[in-house]
Amino acid sequence: MNPDDRDGYNRQPLMNNNARVRYAPSPTGMQHIGGVRTALFNYFFARSRGGAFVLRVEDTDQSRSHPEALQDIYDTFEWLGIAADESPRTGGPYGPYVQSERIDLYRRYAEELIAAGRAYYDYTSVPRDEAPRGANSRDDVAEEPSESNEKGTAGAYNFEGRHLSPEEIEKRKAAGVVPVVRLLIPQDGKTEFNDLVLGTIKRKNKDLPPDPILLKSDGFPTYHLANVVDDHLMEITHVLRAQEWVPSTPLHLLIYEAFGWDPPEFAHLPMVMGKDGSKLSKRHGSTSVVEFRRQGYLPEAIMNYITLLGWSYDDSREFFTREELEELFSLEKINKAPAVFDYRKLDWFNGQYLRELPEDRLVGELMPYMEAEGWTSVPAERADRERLRALLPLIRERLKVLGDVVPLVRFLFEDVTEWSAEELIPKKATARDAGRWLELAWAVVEKIGLEDQDAVDQALRAAAEEIDTKVGNLLMPLRVAITGSSVSPPLVGSIRELGLERARKRVAGAQAVLERAATSD
RNA sequence: GUCUCCUUCGUCUAGUGGUUAGGACACCGGGUUUUCAUCCCGGCAACGCGGGUUCGAUCCCCGCAGGAGAUGCCA
């Protein structure tokens, strides 16, 4: 078709430029890991090719679409820092980008297919009486492991609508039956295509769902019709989507063929699974990006980790900024096999990023958690930020997620009024020992003061040596007295942040507990 | 059931017709440390099975097994 391709020279530029890809979520639930991974791959692919990334909202299921879900798509994109070149919000030359605003289009194209004899009105089908699944996203629905078998066969369409007599049609029309539009699928032959990730895939036409519905009786298109029409109209060149779409791709190809359109390239992405190997869902743990966000994962950690689910760069590198991925991403490195989502590795990534974060930014990210505990003025003031900043050295390397800050600094913002004797007393020691050690340790602190932390440190060590015991024995009772816990940030720094005055009271309180324990021995 | 896809350490993955099959997380051990954490060092651990092709297969082909997905007027 290209007059220049006689010499075979002009094919290359076509491959490299003008790539147009899209992410086409349906606003039925919060954006989840799998969806976002697809979005990311599309985005990176577009950027790496200098192409366009389109966001299209597929809200053709009226009953399951929700405005909050739509908002969540935008929020998630913004949080991750990925911008669509064309979207419902930014607009673009191929809009509208919301399918519910395009229904006339689908109807018109469905009619075109009917006129061409490639589709037909079916008056025999009635909607499933099954109640719609309601407001929940698919992931929220508990699966019944054993019911899957009957599904395919039970209510399968058997082409009766294909040859209904005119009289019969009139009768049903009169009775108020609203027809659906079905694609006429030739039962012989096969459809095959070359998937950019998977290679050649073929499927016999008779194995496809029998004459699938294109237009529902409510006038809305099904995914199959809408996605083909829109991808064509929006001049999408590459469809990158999850592997769960592989089985219906031949169907889509048949639709392209019926219209006489050239189909785009397809690249089916490996799915994201839970620990047990089934599609990642609620019961595996958090799945939506907002949830991770709330718990205190950083966007760069999420992005980095998710991108590595089914894609790799080489044999060792695993840290990538968004900018780097925009350049380095390539289809060739996509894996075929599904990937299991590993929450622990995500934690590790997050910890790594947390430790690298500039102070200002870390303080900013942490502040909402402090506010939520009521430990700052609301809104937080400069003094609150400075206070937190001072705590950073004490807590930073102890954070896996931002929310971890709360238990770590609680002792500074809330009174400690109870001490457990068991924690106060080091192993193999008596309450009396602990009491003495606590007294001694505190005496050292009082004597040296808190100006010079190293000096306190030294003095404590010296004191321990003098009475011939481990520093730990000296410090543990003091740590528990100060923080109320045997696990805490570094002691001297903690006391310093608490202040001598408050620390003194806590030591006294703990001392009382030890005395009581000693006498009851 | 049928159809489609997939198969390297527990997990994410690199890799080649001849490698001690590499890295990371997790795990285990050791070190630093004041608890926890960080950090450092070390260790454990994989080519699903059976046939071919080949001088030689983890890699190529076939079969099997296992897993997943699809089978909706959901996407």
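Throughout, a chain's letter reflects where its sequence line sits, starting with A, and its residues are numbered from 1. Just so you know, these numbers use all the heavy atoms, side chains as well, and skip hydrogens, waters and symmetry mates. Note that this is a predicted model, so its numbers are computed, not measured.
- Salt-bridge formation is not detected for the pair A:Lys190/A:Asp207: no Lys NZ or Arg NE/NH1/NH2 atom is positioned less than 4.0 Å from an Asp or Glu carboxylate oxygen.
- Classification of A:Asp404 and A:Arg398 as a salt-bridged pair fails, no side-chain N sitting under 4.0 Å from a carboxylate O.
- Geometric assessment of A:Arg182 against the ring of A:Tyr157 yields a positive cation-pi assignment under the 6.0 Å and 45° thresholds.
- At the phosphate of B:A75, OP1 or OP2 sits under 4.0 Å from a side-chain N or O atom of A:Thr60.
- Base pairing analysis places B:C3 opposite B:G69; the two distances defining the Watson-Crick or G-U wobble pair are each below 3.5 Å.
- Nucleotides B:C28 and B:A37 have their P atoms positioned 11 Å apart, rounded to a whole Å.
- Residue A:Val480 is out of contact with every strand shown, counting any heavy-atom pair closer than 4.0 Å.
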Tabulate atom names and distances for all N/O pairs under 3.5 angstrom spanning the protein and nucleotides 10-13 of chain B.
{"from": "B:C12", "atom 1": "OP1", "to": "A:Val340", "atom 2": "N", "distance (Å)": "2.9"}
{"from": "B:C12", "atom 1": "O2'", "to": "A:Leu308", "atom 2": "O", "distance (Å)": "3.1"}
{"from": "B:U13", "atom 1": "OP1", "to": "A:Gly310", "atom 2": "N", "distance (Å)": "2.5"}
{"from": "B:U13", "atom 1": "O3'", "to": "A:Ser312", "atom 2": "OG", "distance (Å)": "3.3"}

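- One interatomic measurement links the two molecules: NZ of A:Lys204 to C1' of B:U71, which rounds to 16 Å at whole-angstrom precision.
- Listed candidates were B:A75, B:C73, B:C3. Nearest to the side chain of A:Arg203 is B:C3.
- Taking atom CE of residue A:Met476 and atom P of nucleotide B:C36, one finds them 7 Å apart after rounding to whole Å.
- Remark: P of B:C73 and CD of A:Gln62 are 17 Å apart, rounded to the nearest angstrom.
- Counting only heavy atoms from C-beta on, A:Gln243 has its side chain closest to B:C5 among B:A68, B:C5, B:A70.
- Taking 4.0 angstrom as the limit, A:Lys216 places none of its side-chain polar atoms (N or O) nearer than this to OP1 or OP2 of B:G72.
- Between the CD atom of A:Glu192 and the P atom of B:C5 there is a distance of 11 Å, given to the nearest Å.
- Not a single donor-acceptor contact under 3.5 angstrom links the side-chain atoms of A:Ser125 to the base of B:C73.
- For B:C39, one of the phosphate oxygens OP1 or OP2 lies less than 4.0 angstrom from a side-chain nitrogen or oxygen of A:Gln352.
- Taking atom P in both B:C61 and B:A26, one finds a spacing of 37 Å when rounded to whole Å.
- Contacts of A:Gly472 with the nucleic acid, taken as non-hydrogen atoms under 4.0 Å apart, are absent.
- Nucleic acid contact class of A:Arg355 (heavy atoms, under 4.0 Å, all strands): sugar-phosphate only.
- As rounded to the nearest Å, B:C3 and B:C47 have P atoms that lie 31 Å from one another.
- Straight-line distance between the P atoms of B:G10 and B:A70: roughly 27 Å, to the nearest whole Å.
- Comparing B:A68 with B:C59, their C1' atoms sit 24 Å apart, to the nearest whole Å.
- The CH2 atom of A:Trp311 sits 12.5 Å away from atom CG of A:Leu269, with the distance rounded to the nearest 0.5 Å.
- Look at B:U54: it lacks any Watson-Crick or wobble partner with both distances under 3.5 angstrom.
- Only one option out of A:Arg241, A:Lys336, A:Glu244 pairs with A:His268 in a side chain to side chain contact (heavy atoms under 4.5 Å, CB included); it is A:Arg241.
- One finds a salt bridge joining A:Arg389 and A:Glu359 here, because a Lys/Arg side-chain nitrogen approaches an Asp/Glu carboxylate oxygen to under 4.0 Å.
- Across all strands shown, A:Pro212 has no heavy atoms under 4.0 Å from either base or sugar-phosphate atoms.
- B:A45 is unpaired under the Watson-Crick or G-U wobble criterion, no partner having all donor-acceptor distances under 3.5 Å.
- Nucleotides of RNA chain B nearest to A:Pro209 and A:Asp61 differ in position, and the one nearer the 5' end is that of A:Pro209.
- If you measure from atom CD of A:Glu244 to atom C1' of B:G67, you get 16 Å, rounded to the nearest angstrom.
- Spacing between atom CD1 of A:Ile201 and atom P of B:C6 amounts to 7 Å, rounded to whole angstrom units.
- Following rounding to the nearest Å, A:Asn473 (CG) and B:U33 (C1') show an atom-to-atom distance of 16 Å.
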Stepwise, does the salt bridge (Lys or Arg N to Asp or Glu O under 4.0 Å) test hold for A:Arg22 with A:Glu58?
CA-CA 11 Å; A:Arg22 45 66 164 186; A:Glu58 308 218 331; 5.4 Å; no
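- One C1' atom belongs to B:G22, the other to B:A45, and the distance between them is 14 Å to the nearest Å.
- Salt-bridge check for A:Asp314 with A:Lys333: failed, with every basic side-chain N at 4.0 Å or more from each acidic carboxylate O.
- For B:C39, the paired nucleotide is B:G31, the pair qualifying as Watson-Crick or G-U wobble because both relevant distances are below 3.5 Å.
- A donor-acceptor pair shorter than 3.5 Å can be found between the side chains of A:Arg479 and A:Ser488.
- Map A:Arg479 and A:Met273 each onto its nearest nucleotide of RNA chain B; the residue landing nearer the 5' end is A:Arg479.
- One can place CZ of A:Arg398 at 12 Å from C1' of B:C39, the figure rounded to the nearest angstrom.
- Of all the residues in residues 176-189 of chain A, A:Val180 reach under 4.0 Å from RNA chain B with at least one non-hydrogen atom.
- The P atoms of B:C9 and B:C41 are separated by 26 Å, rounded to the nearest whole Å.
- Distance check on atom C1': B:A65 versus B:G51 gives 14 Å, rounded to whole Å.
- Heavy atoms of A:Lys470 sit nowhere under 4.0 angstrom from any nucleic acid atom.
- Cation-pi geometry between A:Arg37 and A:Phe41 is met: the NZ or CZ atom falls under 6.0 Å from the ring centre, inside 45° of the normal.
- Side-chain contact between A:Met303 and A:Phe320 is absent, with no heavy-atom pair separated by less than 4.5 Å.
- Counting non-hydrogen atoms of neighbouring residues, nucleotides and ligands closer than 6.0 angstrom, the CD atom of A:Gln295 exceeds 12 such neighbours.
- Here B:C6 is the nucleotide among B:C6, B:A75, B:U4 with the atom lying nearest to any side-chain atom of A:Lys336.
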